[in-house]
There are 4 protein chains.
Amino acid sequence: MSEDTPEEPKPRRRQARGERRIAQLLSAAASVFCTNGYTATSTNAIAREAHVSPGTLYQYFPNKEAIAVELGGRLLDEMRAAHGQAFTPENLTLPLPELLDVVVDPMIEFNCENPVFLALMHGSEVPGRIAEEHDALHASLLTSVQGVIAHYAPALTAEERSRIADMTFAIFKGGLGLVLAAPAGAERDATVAELKRVLLRYLSPLAEGSVTTTPTR
Amino acid sequence: MSEDTPEEPKPRRRQARGERRIAQLLSAAASVFCTNGYTATSTNAIAREAHVSPGTLYQYFPNKEAIAVELGGRLLDEMRAAHGQAFTPENLTLPLPELLDVVVDPMIEFNCENPVFLALMHGSEVPGRIAEEHDALHASLLTSVQGVIAHYAPALTAEERSRIADMTFAIFKGGLGLVLAAPAGAERDATVAELKRVLLRYLSPLAEGSVTTTPTR
Amino acid sequence: MSEDTPEEPKPRRRQARGERRIAQLLSAAASVFCTNGYTATSTNAIAREAHVSPGTLYQYFPNKEAIAVELGGRLLDEMRAAHGQAFTPENLTLPLPELLDVVVDPMIEFNCENPVFLALMHGSEVPGRIAEEHDALHASLLTSVQGVIAHYAPALTAEERSRIADMTFAIFKGGLGLVLAAPAGAERDATVAELKRVLLRYLSPLAEGSVTTTPTR
Amino acid sequence: MSEDTPEEPKPRRRQARGERRIAQLLSAAASVFCTNGYTATSTNAIAREAHVSPGTLYQYFPNKEAIAVELGGRLLDEMRAAHGQAFTPENLTLPLPELLDVVVDPMIEFNCENPVFLALMHGSEVPGRIAEEHDALHASLLTSVQGVIAHYAPALTAEERSRIADMTFAIFKGGLGLVLAAPAGAERDATVAELKRVLLRYLSPLAEGSVTTTPTR
DNA sequence: GATGAATGAGGATTCATTCAT
DNA sequence: TATGAATGAATCCTCATTCAT
């Protein structure tokens with residue numbers, strides 16, 4: 001209502017404070033979602049974990065779902081920031097084993113540090129509800145996978161590509177579950193290696209020039 | 001008041017009625033678990049779906065978990081009855097592609113007819129709680145898979161075998177999710193074929209002395 | 001509808017059977033009332049304890065209260081039968097200490113064998129409901145006490161007599177509680193003796209013109 | 001943001017509101033316990049009586065028992081505060097009749113104003129359960145009584161003293177029931193007088209070397 | 001009569017969400 | 001903004017009572 005300079009700091013601080021609160025709440029939510037699963041998590045539990053009152057929580061999120069959605073979105077952004085470069089043009093030219101290293105390793109690392117991510121995807125347990133929003137996340141990841149596949153096997157029809165991407169993603173999610181369940185260390189590393197082996201064996205025949213004789217039954 | 005046969009009908013009828021109720025309740029539970037997921041399913045919702053009062057439900061099951069456990073147990077039995085013969089000695093001598101047909105097809109079929117099965121396994125969402133009982137189901141299936149793998153690749157160490165079985169099972173669960181999500185028909189069939197392809201490519205190099213040339217598509 | 005003689009046996013048997021059932025149910029009820037208290041006792045628990053179905057219970061009693069009422073009534077009758085002669089004219093002429101022996105001892109004995117009796121009186125916890133019927137029991141006992149007091153101290157006004165009878169009865173109930181709580185044996189005997197001491201000291205001054213030197217301990 | 005005093009009101013108000021709610025709930029509980037007895041009282045009924053939602057009740061008490069325990073504890077404190085001085089050393093030197101006045105009168109008055117107190121003690125109906133906590137209350141009172149008795153009759157053995165204290169307390173509880181049942185006024189006063197008479201006659205012979213001529217009526 | 005399945009209202013308790021302060 | 005008290009609908013589960021067999 002008056003000058004610019006004296007007023008800016010306040011909004012900024014407010015925003016900053018708000019951001020801190022939101023981060024705090026999302027972090028608490030992540031923790032509780034991991035422990036109890038999405039459905040079994042109460043907003044009060046999130047607020048408690050965040051050392052904040054329930055009222056405060058509802059000042060930043062209209063409901064429980066919104067928390068999950070925002071959390072998923074942020075994780076996706078983080079993930080892209082953290083290893084979005086995995087899909088650089090140069091990487092796409094790598095031979096499959098190297099590409100898998102370049103793509104899978106940071107993805108695994110990210111998920112080990114943010115196990116909510118998987119929890120949220122499994123939170124899609126209930127079709128229709130939160131799923132809608134979570135699917136954005138899901139779809140976004142699928143698109144990346146489809147991109148790689150399209151590059152490796154440009155001759156595929158759209159349906160084939162889509163199916164292979166779905167399957168690849170499903171394998172990855174399943175393998176990721178095993179990886180997270182394994183105790184960090186040698187066992188986990190071995191599980192990661194096994195996952196890459198699956199993907200390599202599944203995807204390598206796609207490589208162009210391959211004499212695609214689908215093995216007879 | 002003398003012979004045996006004329007007295008039996010009464011208990012039988014009672015038992016029959018009880019069994020019908022239990023079946024009815026389990027069927028309702030299956031339906032609701034599929035729709036809402038295990039955690040989000042209320043016992044009242046199950047009772048409602050079964051057109052029965054909550055009190056009746058509790059005459060047969062002490063709580064929600066018991067319903068899930070019984071349901072899982074019955075499905076497992078049904079599954080074994082329906083395709084337990086898949087793991088017959090003769091089948092184990094089949095070449096991998098045929099073995100996969102023999103094992104995967106009935107498994108898929110069973111799960112298409114009983115989609116709760118997958119829902120129950122995902123109900124293990126929250127580690128540690130209900131999981132304990134659900135894991136019986138899980139473990140039971142894993143054992144079968146390990147058996148096949150042990151037969152195909154007897155030289156593996158126990159850890160390797162275990163890891164491969166876990167991974168195989170994870171892949172199957174993931175693929176099964178895709179299959180169930182696909183509309184029945186050509187699309188679903190293609191998804192099943194794709195799942196078999198993954199498994200074939202992943203597992204065929206295990207066959208001893210195999211010159212692990214991954215088969216091209 | 002026909003003759004007398006051929007028909008009587010049946011009703012008799014029925015009545016006999018019915019009586020047995022009722023006795024069985026009342027005995028079960030007594031047991032469960034003692035263990036859990038009246039309010040916390042469920043009719044199903046009574047039926048279970050009686051090895052009878054809930055339906056059967058309701059064939060003999062219209063509701064839970066009726067069970068308590070019938071039980072109380074029967075106990076009262078039993079009690080009267082067992083020691084109703086305590087209040088015979090001769091006994092009333094006994095000196096107070098002897099009278100107390102003659103009245104208190106069988107009463108205590110009866111209650112030790114039928115601890116429900118006290119439970120039912122305390123069941124009057126809730127004023128107004130079951131109380132109404134239980135009060136019959138209560139009133140009946142009070143009348144006896146008033147009789148004795150009237151004999152010992154005929155000069156009292158009705159209010160005084162009533163008050164003293166109430167107090168005497170209250171003391172007895174309180175003491176009975178202690179007696180039942182004491183382990184059978186020396187401790188219980190001592191408690192009974194103490195109760196008689198209270199009553200003796202309280203009531204002996206009532207004897208007209210008595211220059212009572214209360215015995216020192 | 002600087003001094004202490006301006007910041008305190010907030011927490012205070014909160015605490016004050018909370019304390020008011022708790023008081024309100026306890027008062028409602030007292031009322032309902034008196035009317036229906038402990039066992040038959042539902043938490044919903046307490047909430048309703050307090051004009052509060054069930055959720056609110058559970059914000060302050062984890063369950064029904066906790067309400068009873070808190071209520072009993074507060075009453076005990078109040079009682080001690082209100083007439084704890086009854087057991088002062090000087091009072092112990094009073095002759096028994098005066099001591100009884102000094103001890104019994106405030107106790108009766110307190111119980112007339114807080115009839116739940118008796119209800120809670122009778123709530124121990126079911127042995128073993130809630131009793132445990134209620135017994136603290138019970139034991140606390142018994143200890144006081146034992147103290148007085150020890151002073152009046154130091155020669156008694158521990159068992160005798162304990163038994164006499166139990167009996168005295170039982171008499172008091174029984175008499176208190178009569179007092180509360182009597183309509184306030186002359187009748188109640190007479191009942192109180194009668195109770196004191198019982199106690200006097202019972203306890204006066206305890207006084208050592210006393211050649212007690214029990215007063216005739 | 002006897003059975004035990006069935007009922008449904010009610011009790012304890014939780015939780016997403018709102019609101020006064 | 002932040003708080004945390006308040007709400008009330010919804011859970012899980014029990015129990016007095018009824019009913020078909």
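Chain naming here is simple, since letters A, B, ... match the order of the sequence lines and numbering starts at 1 in each.
- A donor-acceptor pair is defined here as one N or O able to donate and one able to accept, closer than 3.5 Å; such a pair exists between the side chain of Asn63(C) and the backbone of Glu65(C).
- Smallest separation of non-hydrogen atoms from Gln24(A) and Ala50(A): NE2-O, 2.9 Å.
- When every heavy atom of Val52(A) is checked against every heavy atom of Leu57(A), the shortest pair comes out as CG1-N, 4.1 Å.
- Regarding Tyr60(D), its OH atom lies at a distance of 17 Å from the C1' atom of dT13(E), rounded to whole Å.
- In this structure, CG in Leu26(D) is found 9.0 Å from CD in Glu19(D), a value given to the nearest 0.5 Å.
- Taking CD from Gln59(D) and CG from Leu25(D), the interatomic distance works out to 10.5 Å, rounded to the nearest 0.5 Å.
- Pairing analysis of DNA chain F (Watson-Crick: purine N1 to pyrimidine N3 plus N6-O4 or O6-N4; G-U wobble: N1-O2 and O6-N3; both under 3.5 Å) yields stems of 3 or more pairs at E:2-21 with F:2-21.
- Judged by distance alone, with hydrogens and angles left aside, the side-chain atoms of Thr41(B) form a donor-acceptor pair with the main-chain N or O of Gly37(B) at under 3.5 Å.
- With hydrogens and angles ignored, the 3.5 Å screen pairs no side-chain donor or acceptor of Ser31(D) with any backbone N or O of Ser27(D).
- Phe61(C) comes within 4.0 angstrom of nothing in the nucleic acid, heavy atoms only.
- Protein atom CD of Gln59(B) is 12 Å distant from nucleotide atom C1' of dT3(E), rounded to whole Å.
- Between Val52(D) and Arg21(A), it is Arg21(A) whose nearest contact on DNA chain F lies nearer the 5' terminus.
- Taking atom CG on Leu25(A) and atom C1' on dA2(F), their separation rounds to 12 Å, with Å as the unit.
- Figure legend: Lys64(D) and Phe33(D) shown without cation-pi pairing, the cationic atom not lying both under 6.0 angstrom from the six-membered ring centre and within 45 degrees of its axis.
- The shortest distance between the side-chain N/O atoms of Ser53(A) and the OP1/OP2 oxygens of dG4(F) is not below 4.0 Å.
- Of the N and O atoms on the side chains of Tyr58(D) and Thr43(D), at least one donor lies less than 3.5 Å from an acceptor on the other residue.
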Discussion item. Walk along nucleotides 11-17 of chain F from 5' to 3' and tag each nucleotide B, S or - by protein heavy-atom contact under 4.0 Å, base first, then sugar-phosphate.
Written reply: SBBBBBB
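- In this entry the distance linking CG of Leu57(A) with P of dA5(F) reads 16 Å, nearest Å.
- The separation between His51(A) atom NE2 and dA2(F) atom P is 16 Å, rounded to whole Å.
- As a whole-Å value, the separation of Ile67(D) CD1 from dT13(E) C1' is 12 Å.
- Atom CD of Glu19(D) and atom C1' of dG4(F) are 15 Å apart (whole Å).
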